[in-house]
Structures are given as structure tokens and as C-alpha cells.
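Encoded as C-alpha cells, the structure appears first; notes follow it.
Indexing begins at 1, ligand by ligand and atom by atom, following the structure's order.
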Amino acid sequence: MQSNANLYQFLASGFPADRSKVAIQTPERQYSYDDIDRLSAQYAHVLQALDVPHGSRIAVQVEKSPEALMLYLAALRAGLVYLPLNTAYRDAEVEYFVTDAEPAVIVCDPSRLDGMQALAARTGNATVYTLDSQGEGSLTDDARSQATAFMTVTSQPDDLAAILYTSGTTGRSKGAMLSHENLSSNAQVLHEYWGWSSDDVLLHMLPIFHVHGLFVASHAALYAGARMIWLPRLDIDAALQALPGSTVMMGVPTYYVRLLADPRFTRDVCRNMRLFISGSAPLLADTFNEFRERTGHAILERYGMSETIMLTSNPYIEAEGPRLAGTVGRALPGVRVRIVDDNDTEVPVGSIGHVQVRGPNVFSGYWRMPEKTREEFTADGWFRTGDMGCKGGEGVPDDYVSIVGRNKDLIISGGYNVYPKEVEMLIDEQPGVFESAVIGVPHPDFGEAVVAVVVPREGAHVDPDAMRDSLKTQLANFKVPKEIRVIEQLPRNTMGKVQKNVLRETWSDVSSAT
Ligand code: MCA
Ligand code: AMP
């Protein structure tokens with residue numbers, strides 16, 4: 001018999017023998033592993049009935065719900081390529097993704113149906129369904145009458161499972177193409193490395209339109225046959241209630257900062273926890289230390305990207321080494337990480353250089369961007385992450401990686417990526433603007449906050465409040481600058497390049513007030 005590399009098949013191989021076991025528990029109801037199998041089958045039938053070619057894309061912009069997860073699993077089962085979209089994206093942003101990916105199916109919140117149907121008609125006539133935060137909508141309506149068994153289609157290891165858009169330095173988003181094998185190999189490695197078992201209870205509060213919440217968290221729990229306590233978003237009151245019954249939590253650093261800010265978050269609340277994992281942005285040593293003092297737990301920091309899923313992790317098992325603040329640990333089994341100079345030559349331990357990686361988890365390229373793909377891989381097949389890092393260093397084992405900066409102009413705010421170029425291009429189109437620079441400055445809650453520095457045209461007046469209001473209609477809210485400062489000219493070096501480091505130093509305290 002031909003073996004099936006379909007990611008759903010892989011995940012389902014970890015489902016518990018007793019399928020009546022609870023897989024997902026929300027404040028309102030619970031879903032067993034049987035429910036997962038049956039509901040994803042029903043959605044898969046709806047998708048299959050559309051009779052679109054294997055590998056067609058399905059773009060999904062919906063609120064987090066268990067049904068949204070079933071839809072993702074259904075897309076895998078039906079052989080479609082899943083394209084999750086942040087619910088904060090505005091129409092103009094969504095239009096770009098839909099135009100670029102040409103999905104055959106779009107699923108959106110009912111509130112966006114009219115706009116999405118018009119967009120579908122303009123860009124190629126995708127079939128549009130709705131799914132709301134309660135799991136209701138036209139998709140579920142159609143699914144109800146479908147059979148509850150579905151023969152998952154056969155996929156090859158290299159077949160695409162998902163495309164994740166990650167913004168580009170030119171302001172144009174790139175779709176990272178992830179295969180069934182990229183995702184299943186990483187899930188398998190994390191399962192073993194982080195010691196997952198069917199006894200685990202994962203507190204799942206992350207959004208499911210990014211790698212962290214969708215792939216790292218959900219895959220780990222499903223493949224372990226574990227239970228997920230499923231909250232629609234980070235909610236500290238709900239988290240404090242759920243933590244005593246949980247064993248694992250994942251979050252971006254802001255999640256840990258907010259937990260620590262609440263005096264009710266105590267060692268006792270964490271009494272059944274075995275693991276807190278942080279990623280997507282740097283975890284401050286202060287947060288790591290305060291967390292350990294308060295709870296007795298050393299947060300495990302790991303590092304990854306949309307293009308690669310997870311790359312490195314601090315050790316889970318104490319005997320394998322300490323969890324060190326400021327480092328992202330060792331390359332995961334099967335993953336290779338090297339630190340190189342500008343000529344792609346490896347630098348000595350302790351020296352800073354470009355982080356390059358390879359492994360079965362690394363994507364095959366950017367959707368319809370062969371040139372960009374070639375640029376981002378070295379001749380000998382290593383992927384250029386755009387991060388700067390080093391191995392080892394003072395008091396750090398030689399094989400631990402630390403991320404010390406970025407070669408790409410990128411701001412990470414509350415775990416969301418903001419590419420300054422995209423925001424600058426929009427600001428520069430605003431009335432009265434001559435030029436602008438967008439920078440990230442330290443922020444106590446979001447890690448970094450977006451700040452714009454704007455130079456008006458001669459004689460023109462720029463109103464920062466009006467500009468923010470205008471930007472809010474075109475950009476996802478987390479990309480809108482928290483502060484807009486008007487200045488006479490941007491600092492430039494002798495080559496004429498804007499000195500963002502100078503701007504960052506000048507404006508580093510502006511966001512403390514926001
Ligand atoms: C919300 N706001 C933000 C952010 N989120 N501003 C900056 N950065 C943010 N991340 C703004 C809104 O615009 C709004 O402002 C105000 O904050 C309140 O919005 P609200 O929705 O209530 O915020 P929240 O619910 O408190 O959300 C904050 C959050 C959320 C919980 C930190 O952003 C979040 O869940 N982040 C996780 C992101 C994530 O999953 N990243 C993983 C990427 P206004 O009122 O002015 O509109 S995967 C990845 O990076 C890689 C591969 C990896 O390694 O994992
Ligand atoms: P994304 O485009 O969402 O895939 O973001 C990937 C980027 O997030 C990486 O290239 C890093 O710059 C950053 N990142 C992820 N995890 C960490 C971490 N633990 N520490 C520092 N940066 C991180």
C-alpha cells in the first residue's frame with residue numbers, strides 16, 4: 001500500500017485509542033477526538049465537493065474557535081493548501097494576499113462577507129463561506145448534512161500543506177510554502193524534545209493564524225493525544241482559572257509579562273504545570289528571572305520562523321543543560337544552525353554573525369517568487385534567516401545559540417511582525433508628508449512598539465492624530481504607530497541612508513507613556 005504523508009494522517013496517528021477523550025475544552029463546551037475526526041470529515045466533504053484541483057489554496061480569516069481548527073484539519077484532509085490570515089488585517093491587506101495566492105476557497109467572518117465576495121469576484125471567483133467565532137456560518141450549515149467519515153487524500157511529503165505570509169523588507173509580503181513533511185517532521189521532533197504525553201493539558205490562548213498557535217501548539221497537543229484548554233485570546237482572568245488544571249502553556253513574551261503583572265499569579269496557581277514555553281520574540285532576562293522567582297519555573301525559550309517552524313530550543317531535560325535567559329538553546333534534533341560572516345563562512349564560537357539554517361523543517365521557497373527564494377538560500381542550500389546571532393559566549397555552552405539582532409528591518413510587537421517599509425510607504429502617501437522612518441522602540445508590554453518619525457513637505461502641516469486615524473483604516477491595528485513624531489529632517493549617513501539607530505536612540509522613551 002502507498003504510504004500517505006498527509007499531515008492529518010500523521011497527527012491522527014497520535015490520537016488516543018479512546019477517541020471519546022476530550023481534545024478541546026472551551027468555557028462553553030468540549031470536543032472529543034471523535035468529534036475532531038467527524039467534524040473535520042464533514043468540512044472536508046464540503047471542500048471536496050467543490051471539485052477544485054489538489055493543491056488549490058484556501059484562504060481563511062476567521063476568529064479563533066474549535067471549528068476553525070477543524071477547518072484547518074479538513075483542508076489538510078482534502079488536499080488543499082491552508083492560508084491563514086490575521087483577523088486584524090484590513091481589506092487592502094487581504095486583497096494583496098488573495099490576489100497573490102489565488103485561493104479557490106475563502107472562509108471569512110460573516111461581518112466581512114460582502115467585501116470578501118466582491119474581492120473574490122474581482123480576483124478569480126473563489127467560493128466564499130462564512131464561519132463565526134461560535135463556529136456557525138454557511139460552512140457549518142453545509143457541513144451538517146455531510147458524512148462523518150472521510151478518506152484523507154494521499155499527499156506526498158513535498159506537497160504543500162500551508163502558505164504563511166511573512167512581510168518582506170521591500171514592503172511586499174512573501175508566502176512561505178510549507179510542506180506536509182516540513183510540518184510533520186517538526187511536530188515529531190518537538191513531541192519528543194519537550195516530553196509530550198497524553199496526560200498533558202495545554203493552555204491554548206494564542207491566535208491560530210500563525211506558526212506559534214497553529215503549528216507549534218495545536219500540533220503538539222493533537223499528536224500527543226493531549227487535552228487543550230482553548231481560550232479565544234489572552235485573557236488573564238481566564239488564564240488564572242485554567243492554569244491550575246494545565247500542564248503546559250505557550251506564549252509570546254507579552255503573555256508572561258502580563259501574567260507577572262497580576263499579583264494573583266502565584267506558585268500555587270502553577271502547581272500542576274510542567275512547562276512554560278516562550279517564543280516569537282526575545283524574552284527579556286528580567287522577565288525570565290522574575291518568573292523563576294515567582295513560580296519556580298524557568299521559562300523554556302525557543303526560536304523559529306514562519307519559513308522554518310521551530311529551529312532551536314533550550315533543553316527540556318535538566319540533565320541536558322540549563323535553560324539560559326538570553327539564549328534560544330540548541331539546534332533541535334535534525335536541524336542545523338550555523339553562524340557565518342558576510343561571505344557565508346562560519347565564524348568562531350563566541351563571534352556574532354548571520355544565522356543560517358537547514359533541516360527537514362525548512363520551507364521550499366516563497367510562493368511564486370523564485371528570485372527571492374534563490375536570494376534567501378546559499379549555493380549550498382542553507383536558508384538565510386535574516387537574524388544575527390552567536391553560538392556560545394561567556395558562561396554559555398558552545399552549542400547554544402543567542403539571537404542578538406536582526407539584519408532585516410523588522411519590528412516585533414507583542415509577537416506580531418511589522419515591516420517598517422510597509423508602514424513607511426503608506427505614511428509617505430499621506431497629505432503633506434515628504435518622507436518618514438518607522439522604528440521599533442522598547443515597550444514594557446509589547447517588547448517593541450511601532451513609532452513613526454515624519455518629515456512634512458515644506459510649508460505643510462502634518463496632524464499625527466489624523467494620520468493615525470487614516471492609517472487605522474488601511475493597516476492592521478498592531479502595525480499602526482503608537483506614536484507619530486514630526487521632525488524637520490531624518491538623520492542620514494554619508495551614503496544618504498537613514499540612520500535608524502540614531503532615531504531609535506532619540507525616541508527610545510516615547511512609548512513608555514502609551
Ligand atoms: C494588540 N495591539 C497591539 C498588539 N496587539 N499593538 C501592538 N502589538 C500587538 N501585538 C493593540 C491594538 O491595536 C489595540 O490598540 C490595543 O492593543 C488593544 O487590542 P487588543 O486586541 O485588546 O489587544 P490584546 O488582546 O491585549 O492583544 C495583545 C496580545 C496579542 C495578546 C499580545 O497581540 C497576541 O496574542 N499576540 C500574539 C502574537 C502571536 O501569536 N505571534 C506568533 C507569530 P488600539 O485600541 O489603538 O487599536 S509566529 C512567529 O512569530 C514565529 C514563527 C515563532 O517563532 O513563533
Ligand atoms: P515570523 O516572520 O513571524 O516567522 O518571525 C520570525 C522571526 O521572529 C525570527 O526571524 C526572529 O527574528 C524572531 N524570533 C522568533 N523567536 C524568537 C526568539 N525566541 N528570540 C528572538 N527572536 C525570535
Side-chain angles (χ1 to χ4, degrees), residues 63-64 84 86-88 90 164-169 173-176 178 186 190 204-217 231-236 239 250-259 277-284 288 299-314 325-329 354-357 361 363 376 383-389 401-419 440 443 445-451 465 468-469 471-473 475-483 511 514:
E63 295 297 334
K64 181 177 176 183
N86 192 323
T87 46
R90 301 283 175 184
L164 266 81
Y165 274 88
T166 108
S167 300
T169 39
S173 276
K174 304 166 291 182
L178 293 165
N186 210 240
L190 295 177
H204 194 309
M205 302 186 281
L206 285 158
I208 55 166
F209 40 67
H210 281 310
V211 160
H212 200 159
L214 184 61
F215 300 149
V216 187
L231 300 180
R233 61 185 60 80
L234 174 63
D235 170 341
I236 295 297
M250 294 189 196
V252 304
T254 304
Y255 285 41
Y256 295 108
V257 169
R258 290 194 186 174
L259 278 173
I277 300 171
S278 176
S280 310
L283 180 74
L284 293 181
F288 178 92
I299 299 173
L300 180 153
E301 185 170 8
R302 59 40 172 201
Y303 158 64
M305 293 182 74
S306 300
E307 289 92 334
T308 64
I309 332 162
M310 294 301 99
L311 291 162
T312 73
S313 171
N314 270 280
T327 84
V328 292
H354 305 277
V355 180
Q356 297 185 348
V357 299
N361 51 314
F363 77 136
E376 301 299 340
F383 172 58
R384 307 176 197 275
T385 63
D387 291 310
M388 304 298 294
V401 177
S402 300
I403 304 298
V404 300
R406 298 173 205 129
N407 193 25
K408 48 195 174 192
D409 193 10
L410 161 69
I411 301 165
I412 306 184
S413 174
Y416 287 139
N417 290 4
V418 181
Y419 278 80
H443 189 277
D445 185 35
F446 292 129
E448 281 186 290
V450 178
V451 168
D465 290 338
R468 257 173 61 84
D469 288 345
L471 291 175
K472 274 185 177 175
T473 65
L475 279 176
N477 53 15
F478 62 89
K479 299 181 193 169
V480 176
K482 301 282 180 221
E483 284 268 344
S511 67
T514 58

Which of the atoms of ligand 2 are close to Ser306, meaning less than 4.0 Å from one of its heavy atoms? 1 (P), 2 (O), 3 (O), 4 (O)
A student checking ligand 2 against Glu301 at a 4.0 Å heavy-atom cut-off should list atoms 18 (C), 19 (N), 20 (N)
Take every heavy atom of Gly386, measure it against each atom of ligand 2, and state whether any distance is under 4.0 Å. no
Taking only residues two or more places apart in sequence, or in another chain, which ones meet Tyr256 in a ring-ring contact (aromatic ring centres under 6.0 Å, His included)? Phe291
Can you tell me which portion of [X] lies within the under-4.0 Å heavy-atom range of ligand 2? Options are side chain, backbone, both, or neither.
{"X": "Val211", "result": "neither"}
{"X": "Ser280", "result": "backbone"}
{"X": "His210", "result": "neither"}
{"X": "Ala281", "result": "backbone"}
{"X": "Met388", "result": "neither"}

Measure the distance from [atom] to every protein heavy atom, then report the residue, atom name and distance (to 0.1 Å) of the closest one.
{"atom": "atom 12 (O) of ligand 2", "answer": "Asp387 OD1, 2.6 Å"}
{"atom": "atom 21 (C) of ligand 2", "answer": "Pro282 N, 3.6 Å"}
{"atom": "atom 7 (C) of ligand 2", "answer": "Gly304 O, 4.0 Å"}
{"atom": "atom 1 (P) of ligand 2", "answer": "Asn417 ND2, 3.0 Å"}
{"atom": "atom 8 (O) of ligand 2", "answer": "Ile412 CD1, 3.5 Å"}
{"atom": "atom 19 (N) of ligand 2", "answer": "Arg302 O, 2.7 Å"}

For residues [X] and [Y], report the shortest heavy-atom separation together with the two atoms involved.
{"X": "Phe478", "Y": "Asn86", "answer": "CE2-ND2, 3.3 Å"}
{"X": "Asn186", "Y": "Thr308", "answer": "ND2-O, 4.4 Å"}
{"X": "Thr327", "Y": "Glu301", "answer": "O-OE1, 3.6 Å"}
{"X": "Gly414", "Y": "Val252", "answer": "O-CG2, 3.6 Å"}
{"X": "Leu259", "Y": "Ala239", "answer": "CD2-CB, 4.4 Å"}
{"X": "Pro253", "Y": "Gly279", "answer": "CD-O, 3.6 Å"}

Would [X] count as a polar contact of ligand 2, with the cut-off being nitrogen or oxygen pairs under 3.5 Å?
{"X": "Glu307", "value": "no"}
{"X": "Lys408", "value": "yes"}
{"X": "Ser278", "value": "no"}

With side chains defined as the heavy atoms from C-beta onward, is the minimum distance between Ile309 and Leu178 less than 4.5 Å?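 Counting from C-beta outward, Ile309 and Leu178 do come under 4.5 Å.
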So His210 and Tyr416, would you call those rings parallel, tilted or perpendicular, with 30° and 60° as cut-offs?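 Aromatic pair His210/Tyr416 classed tilted.
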Write down, by chain and number, every protein residue that brings a non-hydrogen atom to less than 4.0 Å from an atom of ligand 1.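 Ligand 1 pocket, heavy atoms under 4.0 Å: Leu206, Pro207, His210, Val211, His212, Leu234, Val252, Thr254, Tyr255, Arg258, Ser280, Arg302, Gly304, Met305, Ser306, Met310, Ser413, Gly414, Gly415, Tyr416, Phe446, Lys472, Asn477, Phe478, Lys482.
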Do Lys482 and His443 pass the side-chain hydrogen bond (donor to acceptor under 3.5 Å, both in side chains) test, and can you show the C-alpha distance, the side-chain angles, and the key distance before you say yes or no? CA-CA 10 Å; Lys482 301 282 180 221; His443 189 277; over 6 Å; no
Partners passing side-chain hydrogen bond (donor to acceptor under 3.5 Å, both in side chains) against Glu448 (at least two apart in sequence or in another chain):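 Once residues adjacent in sequence are excluded, the partners of Glu448 under the side-chain hydrogen bond (donor to acceptor under 3.5 Å, both in side chains) criterion are Arg406.
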Separation between CZ of Arg90 and NZ of Lys472, rounded to the nearest 0.5 Å: 8.5 Å
Can you see whether Asp387 engages Tyr303 through a side-chain donor-acceptor pair at a distance of less than 3.5 angstrom?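 Indeed, the side chains of Asp387 and Tyr303 share at least one donor-acceptor pair under 3.5 Å.
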Name all residues meeting the salt bridge (charged side-chain N to carboxylate O under 4.0 Å, His left out) criterion together with Asp235; count only those two or more places apart in sequence or in a different chain, and write none if there are none.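 Not a single residue meets the salt bridge (charged side-chain N to carboxylate O under 4.0 Å, His left out) criterion with Asp235.
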